[in-house]
Participant: 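My structure is below; once you've seen it, I'll send some questions.
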Number of protein chains: 2
Amino acid sequence: MAAKRGYRDAEQGRAQERLRAGAELAGFAKALGHPARVEIVRFLLARDSCMCGDLVDHLPLAQSTVSQHLRILKEAGLIQGAIDGPRVCYCVAPRALARFQGLVADLRPGPGLADRECEA
Amino acid sequence: MAAKRGYRDAEQGRAQERLRAGAELAGFAKALGHPARVEIVRFLLARDSCMCGDLVDHLPLAQSTVSQHLRILKEAGLIQGAIDGPRVCYCVAPRALARFQGLVADLRPGPGLADRECEA
DNA sequence: CCCTTCTATCGTTAATTCACGATAGACGAT
DNA sequence: ATCGTCTATCGTGAATTAACGATAGAAGGG
């Protein structure tokens, strides 16, 4: 009984974890679901670090819009910012990016289902 | 001159390709930017194939909503559907998924910038 | 103190998203 | 033909998103 309950709890835990991982993936994906935000992440990956103003120069958007996009990426955990005088210095959060990449890589067919394709 | 122009064209082509890849990534990400759509893709990956009705049973959403989510995933190219009598049989589009995974995996720091993190 | 730089936030507007119920149309069975 | 199953589409309403200009507040310099 107690062992069976333990088994149920473990199963419940896995289902919860799966649900959480799904929501996490959706959250990251949503944050990257806009071209400007993709470009921001790539820009940040390509250089040491950068300021909001650098991005404003780089993207064809108003400063306030860029700031909003930065906020979305930050809330999704994909980037982080360090205050530097009157400026903020942004960079990608490596662990969160790796987590996202892992979640995406985990989208794989189940056992025995590789390369199946329905007749379209 | 002609050689220089060819060089410019190649560079232009690369910039265009980069822009296209960015938009492509954003498109895929946007399609997966909702928990129900993540769950749909996972469900399809876990089984041979499935019908809209199977998903309606699986998700806590109305049939019309499920159908709309399927449409979004289909328009993003991540899934495809084959008509089967009065039903439609859906499955994941393996090449599009692999493309998405490749684009995500390509989000990497530039040369000499590995594991950099700003002081947050 | 004033001025400049820098960025986040606010408010606004228009467009898009997301959920639902109703329904049309395709298909198969009788 | 009718009926049932199945799904896409339509219309609706509420919430969210994405763009912008204006502005407040932080920080630094003279």
Side-chain angles (χ1 to χ4, degrees), chain A residues 22-23 25-41 43-44 47-91 118-120, chain B residues 19 22-23 25-41 43-44 47-92 118-120:
Chain A
L25 174 53
F28 284 132
K30 189 171 184 170
L32 283 171
H34 186 283
R37 296 199 288 276
V38 170
E39 190 51 36
I40 287 170
V41 168
F43 194 82
L44 294 186
R47 61 205 57 221
D48 213 351
S49 58
C50 82
M51 313 292 173
C52 177
D54 298 326
L55 285 162
V56 175
D57 292 339
H58 182 64
L59 296 165
L61 298 169
Q63 179 271 317
S64 57
T65 307
V66 171
S67 196
Q68 278 178 332
H69 284 308
L70 285 167
R71 202 204 76 233
I72 290 161
L73 286 168
K74 199 159 116 187
E75 283 173 0
L78 285 168
I79 66 171
Q80 54 202 3
I83 298 184
D84 177 24
R87 318 199 281 143
V88 187
C89 179
Y90 288 100
C91 64
C118 44
E119 317 95 37
Chain B
L19 208 62
L25 173 54
F28 285 132
K30 189 169 181 171
L32 283 172
H34 184 285
R37 297 202 285 276
V38 169
E39 191 50 37
I40 287 171
V41 168
F43 194 82
L44 295 185
R47 61 206 57 224
D48 214 350
S49 57
C50 84
M51 313 293 173
C52 178
D54 298 326
L55 284 163
V56 175
D57 294 340
H58 181 65
L59 296 165
L61 297 170
Q63 178 271 319
S64 59
T65 305
V66 172
S67 195
Q68 279 178 331
H69 282 308
L70 286 167
R71 202 204 77 232
I72 289 161
L73 286 168
K74 200 160 113 189
E75 284 173 359
L78 284 169
I79 64 169
Q80 53 202 2
I83 298 183
D84 177 23
R87 315 202 270 156
V88 187
C89 178
Y90 287 100
C91 65
V92 168
C118 46
E119 317 96 36

Participant: Could you measure the distance from the CD1 atom of I79(B) to the CD1 atom of I72(B)? Nearest 0.5 Å is fine.
Facilitator: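 Reported value, rounded in 0.5 Å steps: 10.0 Å.
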Participant: Starting from C1' on dC10(C), measure out to CZ on R71(A) and report it in whole angstrom.
Facilitator: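 From R71(A) CZ to dC10(C) C1': 12 Å.
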Participant: It should be established whether K30(A) places a side-chain nitrogen or oxygen under 4.0 Å from OP1 or OP2 of nucleotide dT17(D).
Facilitator: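 Result: yes.
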Participant: So which heavy atom on V56(B) is nearest to which on Q63(B), and how close?
Facilitator: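 V56(B) and Q63(B) have their closest heavy atoms at CG2-CA, 3.7 Å.
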Participant: What heavy-atom pair brings A26(A) and P35(B) nearest, and what distance separates the two atoms?
Facilitator: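 Residues A26(A) and P35(B), closest heavy atoms: CB-N, 3.6 Å.
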Participant: In terms of side-chain heavy atoms of Y90(A), which of dA8(C), dT7(D), dC18(C) is nearest?
Facilitator: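 Out of dA8(C), dT7(D), dC18(C), the nucleotide with an atom closest to Y90(A)'s side chain is dA8(C).
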Participant: Specify the separation, in whole Å, of atom CD1 of I72(A) and atom C1' of dT17(C).
Facilitator: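 So the two atoms are 14 Å apart, to the nearest Å.
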Participant: Contact class for K74(B) (heavy atom, under 4.0 Å): base, sugar-phosphate, or nothing?
Facilitator: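 Result for K74(B) = nothing.
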Participant: Rounded to the nearest 0.5 Å, what separates atom CG in L78(B) from atom CG in L70(B)?
Facilitator: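 The CG atom of L70(B) is 12.0 Å from CG of L78(B), to the nearest 0.5 Å.
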Participant: To the nearest angstrom, how far is D84(B) atom CG from dT5(D) atom P?
Facilitator: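 Rounding to the nearest Å, CG of D84(B) and P of dT5(D) are 17 Å apart.
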Participant: From CE of M51(B) over to P of dC27(C), roughly how many Å is that when rounded to an integer?
Facilitator: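 To the nearest whole Å, that distance equals 15 Å.
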Participant: Measure from the side chain of S67(B), starting at C-beta and using heavy atoms only, and say which of dT7(C), dT9(D), dT9(C) lies closest.
Facilitator: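 The answer is dT9(D), which lies nearest to the side chain.
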Participant: Calculate the interatomic distance between L73(B) atom CG and dT17(C) atom C1'; express it in whole Å.
Facilitator: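 For the pair L73(B) CG and dT17(C) C1', the rounded distance is 14 Å.
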Participant: With a 4.5 Å cut-off on side-chain heavy atoms, are C50(B) and L55(B) touching?
Facilitator: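 Yes, side chains in contact.
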Participant: I'd like a table of atom pairs between the protein and nucleotides 19-26 of chain C - only N or O on both sides, under 3.5 Å - with the distance next to each one.
Facilitator:
| unit_1 | atom_1 | unit_2 | atom_2 | d |
| --- | --- | --- | --- | --- |
| dA19(C) | OP1 | H34(B) | NE2 | 3.0 |
| dA19(C) | OP2 | H34(B) | NE2 | 3.4 |
| dA19(C) | OP2 | H69(B) | NE2 | 2.5 |
| dC20(C) | OP2 | A62(B) | N | 3.0 |
| dC20(C) | OP2 | T65(B) | OG1 | 2.9 |
| dG21(C) | N7 | S64(B) | OG | 3.2 |
| dG21(C) | O6 | S64(B) | OG | 3.0 |

Participant: Look up atom NE2 in H34(B) and atom CD in E39(B), then write down how far apart they are to the nearest 0.5 Å.
Facilitator: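 CD of E39(B) is found 12.0 Å from NE2 of H34(B).
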Participant: Can you tell me how far P of dC20(D) sits from CG of L59(A), to the nearest Å?
Facilitator: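 Taking CG of L59(A) and P of dC20(D), I get 11 Å after rounding.
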Participant: How do R87(A) and G33(A) order along DNA chain D: which one's closest nucleotide is nearer the 5' end?
Facilitator: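 With R87(A) and G33(A) compared, the 5'-side residue is G33(A).
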